[in-house]
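All heavy atoms count here, side chains included; hydrogens, waters and symmetry mates do not.
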Number of protein chains: 4
Amino acid sequence: MCRFLAYAGAPLLLSDLLYRPLNSLIMQSYDAKERPEPLNGDGFGVGWYVQDIDPTPCVQRATTPAWANRNLQNLAFKTRASHVFAHVRAASPGMAVMEANVHPFAYDRFMWMHNGAVADFHKIRRRLREGLRDEFYDMIAGTTDSEHAFALFLNNLHASFDDVTPEKMRAALVETIRQLDGLTRATGITLPSYYNFAVTDGNTTVVSRYCSTADTPGASLHYSRGRRFECGADGVCDMHAVAEGAHARAVIISSERLTADAEDYPDVPDNHTITVMPDSTIKLEPIET
Amino acid sequence: MCRFLAYAGAPLLLSDLLYRPLNSLIMQSYDAKERPEPLNGDGFGVGWYVQDIDPTPCVQRATTPAWANRNLQNLAFKTRASHVFAHVRAASPGMAVMEANVHPFAYDRFMWMHNGAVADFHKIRRRLREGLRDEFYDMIAGTTDSEHAFALFLNNLHASFDDVTPEKMRAALVETIRQLDGLTRATGITLPSYYNFAVTDGNTTVVSRYCSTADTPGASLHYSRGRRFECGADGVCDMHAVAEGAHARAVIISSERLTADAEDYPDVPDNHTITVMPDSTIKLEPIET
Amino acid sequence: MCRFLAYAGAPLLLSDLLYRPLNSLIMQSYDAKERPEPLNGDGFGVGWYVQDIDPTPCVQRATTPAWANRNLQNLAFKTRASHVFAHVRAASPGMAVMEANVHPFAYDRFMWMHNGAVADFHKIRRRLREGLRDEFYDMIAGTTDSEHAFALFLNNLHASFDDVTPEKMRAALVETIRQLDGLTRATGITLPSYYNFAVTDGNTTVVSRYCSTADTPGASLHYSRGRRFECGADGVCDMHAVAEGAHARAVIISSERLTADAEDYPDVPDNHTITVMPDSTIKLEPIET
Amino acid sequence: MCRFLAYAGAPLLLSDLLYRPLNSLIMQSYDAKERPEPLNGDGFGVGWYVQDIDPTPCVQRATTPAWANRNLQNLAFKTRASHVFAHVRAASPGMAVMEANVHPFAYDRFMWMHNGAVADFHKIRRRLREGLRDEFYDMIAGTTDSEHAFALFLNNLHASFDDVTPEKMRAALVETIRQLDGLTRATGITLPSYYNFAVTDGNTTVVSRYCSTADTPGASLHYSRGRRFECGADGVCDMHAVAEGAHARAVIISSERLTADAEDYPDVPDNHTITVMPDSTIKLEPIET
């Protein structure tokens with residue numbers, strides 16, 4: 001089922017997300033709290049943007065466990081970024097542990113992550129692929145449901161990538177969920193599918209929390225916003241509250257709370273998307289399927 | 001373009017193929033002699049059969065260079081087998097270095113290797129896949145032309161796997177070449193494609209040497225046969241000649257000569273297959289396309 | 001703290017130890033039962049002997065988690081052996097995840113594994129090394145306490161390796177524990193050290209269960225013996241009882257019980273060694289320090 | 001023998017050193033020009049400084065070939081730095097391919113690389129280690145002569161790290177060479193040793209070119225300086241000349257010329273050090289041994 005987090009806001013040191021919080025993403029790689037299985041040891045990925053060089057993200061991925069990776073650790077303590085995706089993987093049964101299956105997936109300026117699974121994915125894979133334009137058919141390098149969903153998303157962006165708006169990104173994401181629902185339903189799949197998808201273009205971030213079965217809650221998803229997220233010299237990490245009248249400058253969306261302050265990490269409501277706009281404001285909207 | 005070798009015959013120690021000959025496959029991983037680029041450092045694989053346990057092969061693959069792999073070395077000096085495939089990879093430009101792209105590919109009792117490339121493969125990939133039955137469509141885990149050709153081969157085996165004969169294996173291999181020729185021709189691809197394919201079911205081995213362009217020689221391919229292939233305590237490796245009236249018990253088919261004795265390693269003729277029958281006799285037959 | 005198992009007896013398929021039991025070693029790599037932390041994901045190793053080829057073991061090691069390793073899985077289902085060591089690692093804090101730190105360690109005909117840790121090892125490392133003969137000083141390739149203990153053991157074998165007897169192996173192992181106790185005591189280290197060591201020469205296996213602090217139990221260690229250990233087509237794995245008057249032919253010594261039948265896996269008593277003689281008889285002897 | 005490069009000067013994109021020049025370091029990983037063996041495929045490392053975060057370097061290392069590493073490629077095209085070390089490794093015979101053996105080595109604010117080898121290193125290793133203070137004895141994680149030479153260098157820095165000056169760095173480097181010469185001479189080693197060492201603290205860089213045998217030239221070493229080093233949109237990489245009266249702002253020191261302009265890459269004279277001062281001026285000084 002994996003664990004992920006997305007950050008958007010004022011530049012922060014990656015280690016303040018990945019290593020230093022009590023329930024950091026690295027901690028979640030071997031001791032996740034909000035899923036029955038604590039282990040997410042089948043690889044990890046992290047991506048961020050260096051907008052003054054290039055609009056495409058810098059992605060680092062590996063199939064080895066995040067907790068033991070010294071390259072990741074060295075980088076995280078030396079890199080600041082304002083849009084960050086990070087993911088630790090628990091491979092679904094039968095899905096190979098190989099680099100092409102590690103999130104985040106990247107294409108052009110976009111990054112994509114998934115926490116969840118398409119039930120009986122192998123039954124819909126061929127039909128899903130048949131509907132793709134060649135560019136996105138050819139883009140798929142691995143075998144995961146997650147990457148195939150990314151191809152659907154890109155296929156749904158009817159704009160050229162340069163014209164992408166927050167509205168178009170969200171619409172393409174919701175359309176992807178609808179198509180997956182359609183494909184599984186048409187194939188007679190009744191098991192629940194979980195679609196916590198996250199996508200960013202380096203300016204806007206959209207994340208969904210969704211389960212295909214009406215009465216089943218989606219996989220855990222939280223958000224946190226404030227003036228700044230920071231880990232002090234004392235090792236305490238905090239989302240600092242926004243002063244009255246001031247503006248939030250930092251948003252974290254993550255499978256798990258990073259710290260013990262539950263009130264800092266409300267749930268994203270079931271069957272909703274959360275959008276972080278380029279100015280760091282957020283929108284919670286129901287998924288109309 | 002890669003380098004490979006296939007062995008069929010009396011059980012021999014894998015190290016006598018992989019490590020000990022002057023021009024062993026490990027040597028070919030960093031200093032190949034019969035191709036312009038000496039380097040085949042994008043991974044390796046080896047597979048063999050333990051028929052008293054199971055008809056499926058034991059395959060070991062890695063994306064790291066063969067020359068530095070201690071696991072491979074330890075295994076090779078401790079393992080005897082009578083049907084062996086081994087391959088060192090030079091990834092074609094654009095083809096990812098990942099385990100799913102490493103030869104030999106295995107499915108049920110079959111192993112498959114390829115030395116060469118389908119020219120402009122990405123232009124025919126989608127059409128090729130569309131013709132596959134679901135079982136073989138779903139089998140494809142990587143992105144190489146080589147694995148897709150293996151799927152075609154399996155799709156062409158109109159027998160159930162239990163009824164496979166040497167004739168049916170060869171016919172399915174030749175049909176695979178024909179289909180690839182048809183697909184590239186229909187797509188207007190005129191660059192030469194190279195189809196040195198090797199397939200075995202643990203009893204019979206068939207290898208092709210073929211180039212799609214009439215006047216271009218196929219990639220190098222040699223064979224060697226005799227009573228036994230062996231490396232002595234003095235480090236000298238030899239294919240021992242068959243005594244008069246006796247029977248060859250050892251056949252090597254390989255991209256390069258393993259030793260300096262050129263006369264021990266005649267060429268497989270261009271546009272031919274070589275078949276090693278279960279009793280170690282061989283057949284050289286032209287490919288009728 | 002790691003998990004390990006040693007097998008001695010009639011040849012069995014490695015998968016019957018590593019994959020098929022309910023609490024197989026692979027299961028223990030991500031869900032160990034008899035230690036507080038369930039995870040042993042920092043690499044694995046397995047070694048066995050092919051005595052008709054060579055008296056040195058065939059060792060396969062990797063720094064990646066055992067549960068996702070396809071090479072290990074392929075090998076385990078194709079390999080039979082009569083002396084097997086296997087280990088899944090949980091790196092002690094500060095110990096690098098690198099191949100040279102993965103158990104079993106091998107030298108000449110010996111394999112060595114450790115479950116436990118020398119408390120404050122870095123404080124005694126330099127003195128420990130100073131006492132070694134050059135051959136064993138030079139042998140050390142990694143940084144673990146475990147490999148250094150192996151060097152001590154080899155240094156203690158006052159016989160040439162060809163004259164090694166079960167008694168000499170056990171004496172050298174007990175002497176190693178004594179020396180470690182001496183070194184830590186002399187350095188003022190009072191934290192408990194855990195010395196579950198396993199060593200084999202392919203004929204005899206000796207395993208210790210020991211804690212340096214008088215009243216602290218050693219790390220869990222069980223043994224199981226019978227006529228044969230086997231996993232049936234129904235997936236049930238059993239140590240078959242020895243018929244009256246007959247001889248045990250299979251002995252497992254392991255950190256955890258492989259199956260739920262607790263009575264099949266008695267504890268090795270605290271501060272004892274267990275020796276499996278070449279004829280599969282066992283001896284339990286107190287460690288006299 | 002390896003290949004390396006060091007850069008000091010105005011911030012540049014790592015890809016302009018590693019990927020884009022005709023004879024980039026990646027090219028040298030599989031097709032080096034100035035050593036008899038073209039292959040340096042036993043891992044790579046790159047390190048740089050982010051001085052506004054921390055005085056210690058950010059190091060990324062891997063044991064896999066540089067040419068196929070996508071993480072390295074992604075990083076190199078997104079990272080700018082003003083002090084860069086990069087190395088592609090050809091493991092000396094008998095030296096393990098493991099991460100702890102990959103250059104650059106880092107400790108506190110220092111990075112260290114080596115191109116060359118201490119002849120018969122195993123004969124002096126134990127004595128070399130005996131002379132180290134505990135801190136640097138304990139620092140050694142791998143088995144290479146190169147890392148042991150780094151430990152000697154650090155041991156020779158009689159200043160605390162905060163007081164390090166260019167003069168003290170150079171003196172400690174020259175002293176290291178002297179000590180190695182003394183150790184090999186005392187052991188009766190007469191084969192030539194090659195000591196192209198590079199060290200930086202993020203402000204000053206010192207590189208030596210040295211062979212222990214009087215009449216043998218050192219391994220190739222070049223330098224290049226100018227106003228700026230840059231790869232244009234046309235793919236051409238140039239060291240731009242300094243305008244009259246202006247100041248050089250970019251210095252490359254490398255085993256091989258990165259471009260075909262031989263006059264841009266004079267040799268560092270044999271048995272000399274080259275020092276790049278914090279203001280980018282350089283000093284060439286003979287090694288007085």
Side-chain angles (χ1 to χ4, degrees), chain C residues 42-45 59-64 71 89 91-107 118-148 150-152 154-155 183 186-189, chain D residues 42-45 59-64 71 89 91-107 118-148 150-152 154-155 183 186-189:
Chain C
D42 295 321
F44 71 89
V59 176
Q60 300 285 299
R61 304 193 294 179
T63 57
T64 53
N71 285 339
R89 184 169 178 234
S92 301
M95 288 291 178
V97 173
M98 60 182 195
E99 197 171 306
N101 286 351
V102 176
H103 313 221
F105 302 98
Y107 190 79
V118 181
D120 285 331
F121 171 61
H122 66 281
K123 294 188 185 166
I124 66 160
R125 188 165 75 115
R126 193 164 182 164
R127 269 192 65 194
L128 184 162
R129 289 173 74 104
E130 278 163 10
L132 297 172
R133 291 198 294 283
D134 281 351
E135 179 180 2
F136 307 117
Y137 184 97
D138 290 341
M139 175 205 81
I140 298 172
T143 56
T144 59
D145 48 357
S146 311
E147 189 191 20
H148 283 75
F150 184 30
L152 269 189
L154 292 167
N155 205 63
L183 283 162
T187 315
I189 297 168
Chain D
D42 295 320
F44 71 90
V59 176
Q60 301 285 299
R61 303 192 295 179
T63 57
T64 52
N71 285 339
R89 184 170 180 235
S92 300
M95 289 291 178
V97 174
M98 61 180 195
E99 196 171 307
N101 285 351
V102 176
H103 313 220
F105 303 98
Y107 190 79
V118 181
D120 284 331
F121 170 62
H122 65 282
K123 293 188 185 166
I124 67 160
R125 186 164 78 115
R126 192 164 182 164
R127 270 193 64 195
L128 184 162
R129 291 174 74 104
E130 278 163 11
L132 297 172
R133 292 198 293 283
D134 280 351
E135 179 180 2
F136 306 117
Y137 184 98
D138 289 341
M139 174 204 81
I140 298 172
T143 55
T144 59
D145 48 358
S146 311
E147 189 191 20
H148 283 75
F150 184 30
L152 269 188
L154 292 167
N155 205 63
L183 284 162
T187 315
I189 296 168

Atom pair OG1/CG of D/T143 and C/D138 - distance to nearest 0.5 Å: 11.0 Å
Nearest heavy atoms of C/M98 and D/A141, plus distance in Å: CE-O, 3.4 Å
Which of D/D134, D/I140, D/T63 touches chain C most, by non-hydrogen pairs under 4.5 Å: D/D134
Any residue of residues 121-130 of chain D which, by heavy atoms, sits under 4.5 Å from chain C: D/R125, D/R126, D/R129, D/E130
